[in-house]
Amino acid sequence: DGGITQSPKYLFRKEGQNVTLSCEQNLNHDAMYWYRQDPGQGLRLIYYSQIVNDFQKGDIAEGYSVSREKKESFPLTVTSAQKNPTAFYLCASSTTGGRGEAFFGQGTRLTVV
Amino acid sequence: GESVGLHLPTLSVQEGDNSIINCAYSNSASDYFIWYKQESGKGPQFIIDIRSNMDKRQGQRVTVLLNKTVKHLSLQIAATQPGDSAVYFCAEWSYQKVTFGTGTKLQVIP
């Protein structure tokens with residue numbers, strides 16, 4: 001089955017630690033995205049990538065890092081520099097070229113303890 | 001700056017009635033406008049989109065209207081069902097990225 005997979009579903013992290021969230025897609029999409037969602041809020045763009053080995057900062061990139069070494073994978077690292085990392089993180093992928101229909105994973109809920 | 005926002009945070013609708021969810025946008029350069037549905041604890045799901053050169057598009061039980069003069073987008077759901085209860089986001093596609101609005105929670109009253 002084609003789709004986009006995020007893991008783990010729930011993640012706990014101690015303050016001061018870096019943590020990496022996984023996102024894998026087998027839809028053959030060129031574009032991948034990371035969003036952050038806080039309770040009762042919309043989705044805010046962290047990073048996005050239109051092609052392998054290239055990515056751009058979104059609206060709230062500070063304290064996060066990404067890599068795009070493979071087309072299928074776009075891991076997000078939440079670093080200790082992120083002041084308020086507890087949130088729901090959503091990964092998405094889409095084709096490039098204009099339509100914008102993004103397919104989302106089921107999300108990772110990160111809690112800092 | 002660019003923004004996509006919603007007029008109402010919560011909308012309660014009787015089962016069987018029609019629902020109308022509204023959205024305002026500010027980026028006139030957007031190529032597409034998109035509606036997503038998000039159920040609790042899940043990722044958003046695509047509902048319908050509309051190209052910027054159109055003013056209406058219909059799907060199954062849903063219609064999206066685009067008024068570029070006042071930069072307004074709406075989603076109409078016909079014969080609202082309990083399964084339609086969710087948060088609905090409008091979003092815009094421009095500069096090769098999708099920007100989301102805050103969202104409207106739709107509550108369907110049985």
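What you see below is based on every heavy atom in this structure, not just the backbone, and it leaves out hydrogens, waters and symmetry mates. Everything quoted here is computed from the prediction, not taken from an experiment. The chains referred to below are lettered A, B, ... by the order of the sequence lines, with proteins before strands, and numbering in each begins at 1.
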Undergrad: Side chain, backbone, both or neither: which part of A:Phe103 has a non-hydrogen atom closer than 4.5 Å to chain B?
TA: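 For A:Phe103, there is no contact with chain B at all, as no heavy atom is under 4.5 Å.
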
Undergrad: Ring centroid separation for B:Phe100 and A:Phe104, is it under 6.0 angstrom?
TA: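 Centroid distance B:Phe100-A:Phe104: below 6.0 Å, so yes.
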
Undergrad: Taking side chain as everything from C-beta outward and backbone as N, CA, C, O, which of these in A:Gln37 sits under 4.5 Å from a heavy atom of chain B? Side chain, backbone, both or neither.
TA: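 For A:Gln37, the side chain is the part near chain B, not the backbone.
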
Undergrad: For A:Asp38, give me all partners under side-chain hydrogen bond (donor to acceptor under 3.5 Å, both in side chains), at least two apart in sequence or on another chain.
TA: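 A:Arg36, A:Arg44.
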
Undergrad: Does a side-chain heavy-atom distance below 4.5 Å link B:Val64 with B:Asp49?
TA: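 SC-SC contact between B:Val64 and B:Asp49 ruled out.
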
Undergrad: Chain B contacts: which residues in residues 56-87 of chain A have a non-hydrogen atom closer than 4.5 Å to it?
TA: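 From residues 56-87 of chain A, the residues near chain B are A:Asp59.
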
Undergrad: Can you name the residues that form a ring pair (Phe, Tyr, Trp, His ring centres under 6.0 Å) with B:Phe33, not counting sequence neighbours?
TA: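 B:Phe33 satisfies ring pair (Phe, Tyr, Trp, His ring centres under 6.0 Å) with B:Tyr25 once adjacent residues are dropped.
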
Undergrad: Heavy-atom distance under 4.5 Å to chain A: side chain of B:Gln45, backbone, both or neither?
TA: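 For B:Gln45, no heavy atom lies under 4.5 Å from chain A.
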
Undergrad: With a 4.5 angstrom heavy-atom cut-off, is it the side chain or the backbone of A:Leu45 that approaches chain B, or both, or neither?
TA: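 For A:Leu45, side-chain heavy atoms alone lie under 4.5 Å from chain B.
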
Undergrad: Is there a side-chain contact between A:Val19 and A:Leu21, using heavy atoms and a 4.5 Å cut-off?
TA: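 A:Val19 reaches A:Leu21 side chain to side chain.
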
Undergrad: Could you report the tightest heavy-atom contact between B:Glu92 and B:Asn27, atom names first, then the distance?
TA: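 That would be OE1-CB, 3.3 Å.
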
Undergrad: What residues, two or more places apart in sequence or in another chain, satisfy side-chain hydrogen bond (donor to acceptor under 3.5 Å, both in side chains) together with B:Arg51?
TA: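 Per chain and number, B:Arg51 pairs via side-chain hydrogen bond (donor to acceptor under 3.5 Å, both in side chains) with no residue.
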
Undergrad: Strictly by modelled atom types, are A:Glu24 and A:Thr5 linked by a side-chain donor-acceptor pair under 3.5 Å?
TA: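 On atom types as modelled, these side chains do not qualify, holding no pair under 3.5 Å.
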
